[in-house]
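Okay, structure first, notes after.
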Amino acid sequence: MEKNVWLHRILYQEDGNRRAVVCIALIVINVLIWGILELTGDTFDSNFILAHGGMYPPLLTENKEYYRLFTAMFLHFGPQHLANNMILLGAAGDKLEKTTGSVRFLLIYLGAGLLGSLFSFYGMLQTGDYAVSAGASGAVFGIIGALLWAAVYNRGKVEGLTVKGLLVMIALCLYYGITTTGVDNRAHIGGAIGGFILCILFYRKNANA
């Protein structure tokens, strides 16, 4: 009985609304991974990030290290890169998890993140301009893309967010990526598209799981 009460307090807020436990767990995981790497090396160093799972096209095409498409999603270049992604993940992820349910939220997050990595990988292959890629931004953009579909599905609004507001958010984030060096907009675009499509497939109004 006591165990059930303890579990209920973890999963639910005092007002009875379910906490976004998966979103919180993802933030904790990303922060812990960054913290451990920062204590053991330099997270600004591309070679260090590469050695710990960053995505670099030749290692996929020549060495078949496809796992890097996934591991790169949990690595960040320095504290600002981490903070930017985690703040957006916390703000948007909380809303998406509450409207889709935890399992679907996780599937959308991981699926969009992988598609973002694939867009980044393919884009670098096309241009020949290779760089070490890492970060949760593809998955985070996937959350925003998913919220966009949820808002469309709910006639223009979801969790206090509107279609117009979400489109403006996406546009501003992409503009920031275009005007800032070292930002991979291909991953952002791929993630947003992936999140939108996955939400079409997975979204169920008032989901609980």
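Computed from a predicted model, the values in this text were never measured in an experiment.
Residues Y203 and N154 meet the side-chain proximity criterion, which asks for heavy atoms closer than 4.5 Å. Using a 4.5 Å cut-off on side-chain heavy atoms (C-beta onward), L88 and I144 make contact. Between N85 and N30 the shortest side-chain heavy-atom distance does not fall below 4.5 Å. C199 is not listed as a side-chain neighbour of Y153, based on a closest heavy-atom distance of 4.5 Å or more.
Note: F105 CZ to I143 CD1 = 4.0 Å, rounded to the nearest 0.5 Å. Atom CG of residue L115 and atom CG of residue L110 lie 12.5 Å apart, to the nearest 0.5 angstrom. For the atom pair F121 CZ and L59 CG, the distance stands at 10.5 Å (nearest 0.5 Å). Of the inter-residue distances, the one linking N63 atom CG with Y56 atom OH reads 11.5 Å to the nearest 0.5 angstrom. Distance CD1/I33 to NE2/H76: 9.5 Å, rounded to 0.5 Å. Interatomic distance, S120 OG to I189 CD1, rounded to the nearest 0.5 Å: 11.0 Å.
More than 12 non-hydrogen atoms from other residues, nucleotides or ligands lie less than 6.0 angstrom from OH of Y130.
Shown are Q80, H81, M86; of these, the side chain to side chain contact (heavy atoms under 4.5 Å, CB included) with N84 is made only by Q80. Looking at T162, L166, L167 one by one, the single match for side chain to side chain contact (heavy atoms under 4.5 Å, CB included) with K164 turns out to be T162.
Using a distance-only test at 3.5 Å, with no hydrogens or angles considered, no donor-acceptor pair links the side chain of D94 to the main chain of G90. Using a distance-only test at 3.5 Å, with no hydrogens or angles considered, no donor-acceptor pair links the side chain of H188 to the main chain of S137. Judged by distance alone, the side chain of R186 and the main-chain N or O of F119 form no donor-acceptor pair under 3.5 Å. In terms of modelled atom types and a separation under 3.5 Å, the side chain of E97 and the main chain of V21 share a donor-acceptor contact. Under a 3.5 Å cut-off, the side chain of T100 and the backbone N or O of L96 do form a donor-acceptor pair. In this structure, D45 contributes its side chain and N47 its backbone to a donor-acceptor pair below 3.5 Å. T61 places a side-chain N or O within 3.5 Å of a backbone atom of P57 that can act as its donor or acceptor partner. Between the side chain of R104 and the main chain of T99, no donor-acceptor pair closer than 3.5 Å is present.
Aromatic pair F74/F70: centroids less than 6.0 angstrom apart.
Across S102 and V22, no two heavy atoms sit closer than the pair CB-CG2, 3.6 Å. Counting all heavy atoms, side chain and backbone alike, A112 lies closest to L198 at N-CD1, 3.6 Å. Contact detail for L50 and R68: the closest heavy-atom pair is O-NH1, 2.7 Å. Between V163 and A151, the closest heavy-atom pair is CG2-CB, 3.7 Å. Taking all atoms of both residues into account, the shortest heavy-atom contact from M55 to M124 is CE-CE, 3.5 Å. Smallest separation of non-hydrogen atoms from F77 and F44: O-CE2, 4.0 Å.
Note on L118 and L201: same hydrophobic cluster, where clusters join Ile, Leu, Val, Met, Phe, Trp and Tyr whose side-chain heavy atoms are under 4.5 Å apart, directly or indirectly. Tracing side-chain contacts under 4.5 Å through hydrophobic residues (I, L, V, M, F, W, Y), one never reaches L147 starting from I24; they form parts of separate clusters. V168 and I170 fall into different hydrophobic clusters, defined by Ile, Leu, Val, Met, Phe, Trp and Tyr side-chain heavy atoms under 4.5 Å apart, directly or through other members. One hydrophobic cluster, built from ILVMFWY side chains closer than 4.5 Å, cannot hold both L37 and L32; they sit in different ones. Y67 and L75 fall into different hydrophobic clusters, where Ile, Leu, Val, Met, Phe, Trp and Tyr residues are linked whenever their side-chain heavy atoms come under 4.5 Å apart, directly or through other members.
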Using the side chain to side chain contact (heavy atoms under 4.5 Å, CB included) rule, take W149 and I197 through it: C-alpha gap first, then chi angles, then the decisive distance, then the call.
CA-CA 8 Å; W149 167 251; I197 293 173; over 6 Å; no
